Amino acid sequence: MNRYASVGVKPIGSLRETAELLGEVLSGLNFQEDTDWVYDEYPNFYAYDDTCVYALLGCPAPEDDLREDPDGDFELLVSPIDDSSDEDTDVSAELVSIINSDGRLSAYMMD
């Protein structure tokens, strides 16, 4: 099964601080800074578990921000490491529930 997600996360301090806290909330994921700029203009921190990669995207510099409505929130993207399965599952609602029930961060479903 391929797990995917796109979840909005309200920042708590810097992107690094939010990534560290998010890692604790998500059962000890170890987020690391992406120095290769995999998401182009979006600074991000990433982590892995056995099946997925988690990327917490920050806000691009104002001159690089192409979003219609920049809001200052971060976005958590989840994608499978191996997407060879024919079954895709959106786990966004599950992640929002886990993050919000912990109480240290606020998350919401992306449109």
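The shown structure was predicted, so the numbers you read here are calculated from the model rather than taken from an experiment.
Side chain to side chain, N100 and Y108 fail the donor-acceptor criterion of an N or O pair below 3.5 Å.
Summarising the geometry of P43 relative to L15, their closest heavy-atom pair is O-CD2, 3.6 Å, with the distance given to 0.1 Å. The two residues L95 and A5 come nearest to each other via the heavy atoms CD1-CB, 3.6 Å. Here the closest heavy-atom approach between residue Y4 and residue P80 is recorded as CE2-CD, 3.3 Å.
Listed for the E17 side chain is a donor-acceptor partner under 3.5 Å among the backbone atoms of S14. Between the side chain of D71 and the main chain of D73, a donor-acceptor pair closer than 3.5 Å is present. Between the side chain of T18 and the main chain of P11, no donor-acceptor pair closer than 3.5 Å is present.
Once rounded to the nearest 0.5 Å, the distance linking CG of N30 with CD of E20 reads 9.0 Å. In this structure, L77 CG and Y42 OH are separated by 9.5 Å, a value rounded to the nearest 0.5 Å. Atom CZ of R3 is separated from atom CG of D88 by 12.5 Å, given to the nearest 0.5 angstrom. In this structure, CE on M109 lies 11.0 Å from OG on S97, to the nearest 0.5 angstrom. Atom SG in C52 sits 10.5 Å away from atom CG in D82 (nearest 0.5 Å). If you take CG on N44 and OG1 on T35, they are separated by 9.5 Å, rounding to the nearest 0.5 Å.
The hydrophobic clustering, which links ILVMFWY residues whose side-chain heavy atoms are closer than 4.5 Å, places V91 and F74 together. At a threshold of 4.5 Å between side-chain heavy atoms, the hydrophobic network of Ile, Leu, Val, Met, Phe, Trp and Tyr places I12 and Y54 in one connected group. In the hydrophobic clustering of ILVMFWY residues, with side-chain heavy atoms under 4.5 Å counting as a link, L29 and Y48 come out apart. Tracing side-chain contacts under 4.5 Å through hydrophobic residues (I, L, V, M, F, W, Y), one reaches I98 starting from F45; they form part of the same cluster. V78 and L105 end up in the same hydrophobic cluster when Ile, Leu, Val, Met, Phe, Trp and Tyr side chains are linked at under 4.5 Å.
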**Request:** Could you go through the side chain to side chain contact (heavy atoms under 4.5 Å, CB included) check for T51 and I81 one step at a time?
**Result:** CA-CA 6 Å; T51 60; I81 292 172; 5.8 Å; no
**Prompt:** Would T89 and E94 satisfy side chain to side chain contact (heavy atoms under 4.5 Å, CB included), going step by step from the backbone distance to the final call?
**Reply:** CA-CA 11 Å; T89 301; E94 178 182 345; over 6 Å; no
**Message:** As a quick check of understanding, evaluate side chain to side chain contact (heavy atoms under 4.5 Å, CB included) for I99 and L26, giving each step before the final call.
**Reply:** CA-CA 7 Å; I99 293 167; L26 298 178; 4.2 Å; yes
**Item:** Check against side chain to side chain contact (heavy atoms under 4.5 Å, CB included), Y46 and Q32
**Value:** CA-CA 5 Å; Y46 65 93; Q32 301 172 13; 3.4 Å; yes
